[in-house]
Novice: 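The structure follows.
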Amino acid sequence: MMARRHWSSGLAVAVAVVAVSVLCSGHPVPGHGGGGGFVPLQPHFYDHTCPQMQAIVGAIVAKAHAEDPRMAASLLRMHFHDCFVQGCDASVLLDADGSGRFTTEKRSNPNRDSLRGYEVIDEIKAAIEHACPHTVSCADIVAVAARDSTVLTGGPWWEVPLGRRDSLTASLSGSNNLIPAPNDSLPTIIGKFANQGLDVVDLVALSGGHTIGDSRCVSFRQRLYGQNNNGQVDRTLSPRYAAELRARCPRSGGDQNLFALDPVSQFRFDNQYYRNILAMDGLLSSDEILLTQGRQTMELVHRFAADQGFFFQQFAKSMVKMGNISPLTGHAGEIRKNCRRVNHF
């Protein structure tokens with residue numbers, strides 16, 4: 001088990017790995033985010049209205065990571081699952097409110113019994129509301145928490161463009177259909193990224209987030225026992241690794257058993273994920289197909305495996321790009337007082 005890193009609450013002085021400063025104008029996808037007068041996101045959005053915002057997020061994320069080293073990956077994944085549905089608008093945080101206006105995304109196939117970290121966001125929001133009432137959006141909290149989680153585990157730092165507002169609704173169907181699934185084909189995954197304005201480079205770089213975190217047996221069982229449960233191991237999975245996985249992921253049962261996405265350095269953000277893929281030790285089908293089903297994705301896997309600095313730089317750029325998917329800005333949406341529910345309905 002790799003040694004865990006503990007960072008200071010402010011984080012700014014602890015991130016000498018890679019600093020990528022991007023002043024990014026988020027361009028909303030047509031039909032999203034622009035209804036209230038679009039205002040470009042920018043890193044200094046809260047400098048005057050809530051200058052302590054990032055320090056508060058950093059301190060609470062660091063505490064959560066110290067208590068549970070899996071939390072960093074969970075918060076990073078939360079940002080991804082938020083942005084791919086309606087844009088980066090904190091819709092993923094909404095509970096069912098009894099209004100009948102929407103069904104919570106927390107019950108979708110990608111999120112149910114899987115997505116976690118809601119309590120950490122609640123704690124951050126409560127602390128920020130105490131310091132700067134009705135100022136900082138839940139969507140921005142999720143974006144900064146994802147960056148800080150990456151840094152805490154040894155990954156790159158980047159400036160997070162801010163100024164998102166929170167949605168008034170959620171989309172269960174969007175969560176079920178728009179988030180890439182572990183068993184999707186490569187063309188399907190490329191298409192889902194393209195729908196969000198993300199290209200193949202973004203796809204391979206952001207997949208590197210699997211250098212930390214876990215996956216459930218149910219998400220890769222078909223690689224161990226065949227699509228038709230015929231007992232045939234996926235030919236792109238090394239027999240040694242398959243035997244290890246079968247010991248704890250049976251043909252039936254054990255659906256929720258957890259496995260490290262990168263067993264070599266489970267809690268360290270590095271480029272080992274790509275080296276695992278080259279060794280046919282990618283856990284998910286959606287990991288290994290980056291090597292086996294596309295020339296451009298294969299070349300990027302090789303480049304990221306050979307050059308961690310290049311991977312870090314591209315990951316940071318792609319995270320900023322993803323964080324600018326269809327943000328609600330200006331007067332669109334709202335600033336929720338409680339991240340789990342809209343202010344009024």
Side-chain angles (χ1 to χ4, degrees), residues 26 28 32-33 35-36 39 41-43 45-46 49-61 63-64 71-72 74-97 99 101-108 111 115-149 160-172 174-175 179 319-320 322-345:
H32 296 274
V39 178
L41 304 181
Q42 52 99 1
F45 187 83
Y46 298 111
T49 57
C50 193
Q52 62 271 58
M53 176 263 196
Q54 298 208 37
I56 293 172
V57 176
I60 295 175
V61 169
K63 178 171 72 72
M71 189 55 67
S74 297
L75 293 173
L76 179 59
R77 184 168 180 250
M78 179 183 287
H79 187 38
F80 181 89
H81 283 214
D82 181 36
C83 290
F84 265 62
V85 183
Q86 300 187 167
C88 308
D89 62 358
S91 62
V92 73
L93 302 177
L94 286 173
D95 290 336
D97 61 9
S99 69
R101 295 179 305 113
F102 62 84
T103 304
T104 174
E105 294 169 21
K106 294 178 180 181
R107 302 305 302 163
S108 71
N111 297 338
L115 199 65
R116 57 198 293 271
Y118 302 112
E119 296 82 5
V120 177
I121 301 300
D122 291 340
E123 184 177 352
I124 295 170
K125 181 60 173 175
I128 289 179
E129 282 297 306
H130 180 76
C132 318
H134 203 56
T135 301
V136 178
S137 70
C138 301
D140 278 344
I141 290 172
V142 171
V144 175
R147 189 273 312 277
D148 290 353
S149 295
V160 179
L162 301 167
R164 301 168 189 82
R165 289 169 65 85
D166 300 323
S167 70
L168 303 176
T169 187
S171 175
L172 177 67
S175 187
I179 296 173
M319 284 296 291
V320 172
M322 185 187 77
N324 279 277
I325 296 173
S326 305
L328 296 170
T329 63
H331 300 294
E334 66 179 9
I335 304 296
R336 290 186 210 140
K337 297 177 182 179
N338 180 327
C339 291
R340 293 175 181 261
R341 58 177 179 263
V342 299
N343 295 334
H344 305 285
F345 67 84

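Everything numeric in this text was worked out from a predicted model, so none of it was measured.
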Novice: My understanding is that only residues two or more places apart in sequence, or in another chain, count here; which of them pass side chain to side chain donor-acceptor pair (under 3.5 Å) with Arg107?
Specialist: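 With sequence neighbours excluded, Arg107 shows a side chain to side chain donor-acceptor pair (under 3.5 Å) to no residue whatsoever.
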
Novice: How long is the gap from CD on Glu119 to CD1 on Ile60, to the nearest 0.5 Å?
Specialist: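 Glu119 CD to Ile60 CD1: 13.5 Å, rounded to 0.5 Å.
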
Novice: Within the distance-only criterion (no hydrogens, no angle test), does the side chain of Asp140 pair as donor or acceptor with the backbone N or O of Gly163 below 3.5 angstrom?
Specialist: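 Yes, Asp140 side chain to Gly163 backbone: donor-acceptor pair under 3.5 Å.
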
Novice: So, for Val120 and Ala64, which heavy atoms are closest and what is the spacing to 0.1 Å?
Specialist: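 Scanning both residues, the minimum pair turns out to be CG2-CB, 3.8 Å.
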
Novice: Looking at residues at least two apart in the chain, or sitting in another chain, which of them share a side chain to side chain donor-acceptor pair (under 3.5 Å) with Arg336?
Specialist: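 With sequence neighbours excluded, Arg336 shows a side chain to side chain donor-acceptor pair (under 3.5 Å) to Ser167, given in chain and number order.
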
Novice: How long is the span from the CG atom in Leu94 to the CG atom in Asn338, to the nearest 0.5 Å?
Specialist: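 Reported to 0.5 Å precision, the distance equals 9.5 Å.
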
Novice: Enter the distance from Lys106:NZ to Ser91:OG here, rounded to the nearest 0.5 Å.
Specialist: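 Going from the NZ atom of Lys106 to the OG atom of Ser91 covers 11.0 Å.
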
Novice: Do Met71 and Arg116 make a side-chain contact, defined as non-hydrogen atoms from C-beta onward lying under 4.5 Å apart?
Specialist: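 Contact flag for Met71/Arg116 side chains = yes.
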
Novice: Out of curiosity, Arg164 CZ to Ile325 CD1, how far, rounded to the nearest 0.5 Å?
Specialist: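 Going from the CZ atom of Arg164 to the CD1 atom of Ile325 covers 10.0 Å.
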
Novice: Is it the case that the side chains of Asp95 and Tyr118 hold a donor-acceptor pair, with the cut-off being a distance below 3.5 Å and no angle test?
Specialist: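 Asp95 and Tyr118 do not have a side-chain donor-acceptor pair below 3.5 Å.
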
Novice: For Ala90, does its backbone N or O pair with a side-chain atom of Asp166 as donor and acceptor, under 3.5 Å?
Specialist: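 Side chain of Asp166 to backbone of Ala90, a donor-acceptor pair under 3.5 Å: no, none is there.
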
Novice: Rounded to the nearest 0.5 Å, what separates atom CG in Asn343 from atom NE2 in His134?
Specialist: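 It comes to 6.0 Å.
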
Novice: Kindly say whether Ala332 contributes a backbone atom to a donor-acceptor pair with the side chain of Arg165 at under 3.5 angstrom?
Specialist: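 Looks like yes, one N/O pair under 3.5 Å.
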
Novice: Show your working on side-chain hydrogen bond (donor to acceptor under 3.5 Å, both in side chains) between Thr169 and Arg101 and close with a plain yes or no.
Specialist: CA-CA 7 Å; Thr169 187; Arg101 295 179 305 113; 5.0 Å; no

Novice: Test your reading of the model: is there a side-chain donor-acceptor pair from Ser137 to the backbone of Ile335, 3.5 Å cut-off?
Specialist: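 Checked: no pair found.
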
Novice: Kindly indicate whether the side chain of Leu75, heavy atoms from C-beta on, has any atom under 4.5 Å from the side chain of Ile121.
Specialist: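 In short, these two side chains touch, coming nearer than 4.5 Å.
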
Novice: For Tyr46 and Thr135, work out which heavy atoms get closest and say how close.
Specialist: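 Reported closest heavy-atom pair: CE2-O, 3.4 Å.
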
Novice: Restricting to non-hydrogen atoms, name the atom on Glu334 and the atom on Val342 that form the minimum distance, rounded to 0.1 Å.
Specialist: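 For Glu334 versus Val342, the nearest heavy atoms are OE2-CA, 3.2 Å.
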
Novice: I need the Cys50 SG to Ile56 CD1 distance, nearest 0.5 Å.
Specialist: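 Between atom SG of Cys50 and atom CD1 of Ile56 there are 5.5 Å.
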
